[in-house]
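Working notes, structure below.
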Amino acid sequence: MLKYLYIFSILFFTTVSAQKRVETSVDTTRNKIGAQFNLTLKTEVDTLSNVIFPAGERFGQLDVIRNYVVDTTKTGDKYQLVKRYGLTQFDSGRYVIPQMKVTINNRTFMTDSIALEVDNVAVDTLKQDMYDIKPIVGASSKPFPEWLKYLLIFLLILAVGALAYFLIKRRQRKAGDSLAFKTPIERATTLLQDLEKKELWQKGEIKAYYSELTDIARNYIEEAIHIPAMESTTSELVAGLRAVSQQKKMPVSQETLANLEKVLMQADLVKFAKSKPLDYEIAEDRNRIEKTIITLDKSIPEVVEEDVEEKEALLRKKMRKERMVRILVPTGIVFILLLGTLAYFIATQGFTYVKDTIVGHPTKELMEGEWVYSEYGHPAIALETPRVLKREPAEKHLGKDMMSMFKHFQMFSYGSLLENFTVMVSTMSFKAETEIDLQKVAGGIVQGFEAQGAQNILVKQEEFNTAEGVTGVKAYGSLTANHPATGKRTKMVYQVLAFGQDNGVQQIIVMYEEGDLYGKEVMNRILNSVELKKLSNYE
């Protein structure tokens, strides 16, 4: 838990001044990338003492490139031991030489932590070619208005919806037409009656009249006798009827076939040769078609019971298929609309935003939820957080002896170490006059990360100023550790703020998973809202 880091930093802070057996120094605290920092550890012991200095290839984030032998100087009955190291770093930034253990006669002493700064190498721009500043280039077109995007989406959805409605109604209308008549003869005779009611040829629309008249006859023959009448020419249709009548033993007279052929040829002349038959000829052609249809219907052999059952089964299958289509077509259209809308928002807002909005994201919910502005501790730290921080019982972890050092000590937290998002606040004031080194306080918290099993800790330090002008220290960077829930190695980003005032320390720790954009937004909002209350206001 993150609260143990505070305990670690307190112990570090209160014990660091007590152990001065080993002197720690560097030749410089600022250097160029790749340049060597010379670290010196010095101690004075008696002639029988056994001293073990730190060893390793890295001290914190600094590489050990030189490990010099111990320089021994005798002064009276004492030995002065001097151990030197050469350290370097190839990335610019602020780094810390951490505390390290020096063992003297099986007793451990800690070295001081030292902050170092690595600068970039300046580039000599005078040796490069210089060019004039390019003129301003105007935008090629006006930016696409946001409201127009949503209007286009609305119109697209409306158009697809209208198309879907038209297709569904058209299919339903066709299905209704086929189910309205029980038999092809009933359909044909009804359509002939409807054609007469239109009075097309009386209005001079002879071509339209003959087209509908012959279509009625052809549709009947196609449905009742199963001949491709709509796609056949007049001669092909008559020849097909003769062949089918012989195969099915239909008693169709030559007169009936001649009457049908006569009407079809008359229709061809009207449609393609612009022929205009007389009124009585039109009436006779209509009667010939009706008589032909009735004669053909009577000549069709009766269907045996097995054929009836087979047709009914096929009809039921067809109806099920049409019902399925009526269900699947609207469903498919709705799915396509949703898919198109999703694709648009992914293209404009990004896949991560859409995924986090639909599936959900813990820190996104924190960012968009209702925030709380409150004061914590004594002297108080006022800040805005997405959840109210919970008071931690420090007495159970520090003990009475440690608590006796403080006049006031309180800590509050939300989350825990390596969760999606963690924030913790602590405030303390000492009873005795205490020298406060904020860099060591922040460094102690970083050491606490290592005590919790964190690795690859990158730390940088710099000054931090609140809106009221209070100056403190900010330690920030990243680390990797095992996630408590998944067990996977997780890289976390952290920031530590430490302020010292009126013989007291105020601390804030914020941590989130690397790559979590919402976590970064939450952290920035919290840190930008920090206000410090002076201890003198409570006295």
Evaluate the side-chain proximity of [Y] to [X]: yes if any heavy-atom separation is below 4.5 Å, no if none is.
| X | Y | value |
| --- | --- | --- |
| Leu479 | Asn456 | no |
| Val372 | Arg387 | no |
| Leu195 | Arg286 | no |
| Trp371 | Ile526 | yes |
| Thr422 | Ile509 | no |
| Val252 | Leu241 | no |
| Ile289 | Ile216 | no |
| Val522 | Phe421 | yes |

At what distance, to the nearest 0.5 angstrom, does [atom1] of [X] lie from [atom2] of [Y]?
| X | Y | atom1 | atom2 | result |
| --- | --- | --- | --- | --- |
| Asn524 | Lys520 | CG | NZ | 6.5 Å |
| Thr189 | Ile294 | OG1 | CD1 | 7.5 Å |
| Phe412 | Ile508 | CZ | CD1 | 12.5 Å |

Search all heavy atoms of [X] against all heavy atoms of [Y] and return the closest pair with its distance.
| X | Y | result |
| --- | --- | --- |
| Glu375 | Ala382 | CG-CB, 3.7 Å |
| Leu458 | Tyr494 | O-OH, 3.0 Å |
| Ser413 | Met424 | CB-CE, 2.9 Å |
| Leu296 | Tyr220 | C-OH, 3.9 Å |
| Tyr95 | Asp91 | OH-O, 2.9 Å |
| Gln455 | Arg489 | OE1-NH2, 3.2 Å |

Checking [X] side chain against [Y] main chain: does a donor-acceptor pair fall under 3.5 Å?
| X | Y | value |
| --- | --- | --- |
| Gln507 | Ser426 | no |
| Arg218 | Met230 | no |
| Tyr376 | Leu383 | no |

Residues forming a salt bridge (Lys or Arg N to Asp or Glu O under 4.0 Å) with [X], sequence neighbours excluded:
| X | value |
| --- | --- |
| Glu223 | Arg187 |
| Asp119 | Arg30 |
| Glu205 | none |

Glu521/Arg525 ion pair, N-O < 4.0 Å: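 Result for this pair is no, no salt bridge flagged.
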Side-chain polar contacts of residues 206-215 - donor-acceptor pairs under 3.5 angstrom, sequence neighbours left out - could you list them?
residue: Tyr209; atom: OH; partner: Glu196; partner atom: OE2; Å: 2.7
residue: Tyr210; atom: OH; partner: Asp285; partner atom: OD2; Å: 2.6
residue: Ser211; atom: OG; partner: Lys207; partner atom: O; Å: 3.0
residue: Glu212; atom: OE1; partner: Lys198; partner atom: NZ; Å: 3.1
residue: Glu212; atom: OE2; partner: Lys198; partner atom: NZ; Å: 3.4
residue: Thr214; atom: OG1; partner: Tyr210; partner atom: O; Å: 2.8
residue: Thr214; atom: OG1; partner: Ser211; partner atom: O; Å: 3.1

Enumerate donor-acceptor pairs with a distance under 3.5 Å from any side-chain N or O in residues 254-267 to protein atoms, sequence neighbours excluded.
residue: Thr256; atom: OG1; partner: Ser253; partner atom: OG; Å: 3.0
residue: Asn259; atom: ND2; partner: Glu255; partner atom: O; Å: 3.3

Go through the side-chain N and O atoms of Tyr373 and Glu531 and say whether any donor and acceptor fall under 3.5 Å apart.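 Yes, Glu531 and Tyr373 have a side-chain donor paired with an acceptor closer than 3.5 Å.
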Pairs touching residues 269-282 that satisfy side chain to side chain donor-acceptor pair (under 3.5 Å), sequence neighbours left out: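 Every candidate side chain to side chain donor-acceptor pair (under 3.5 Å) pair involving residues 269-282 fails, so no pair, neighbours aside, qualifies.
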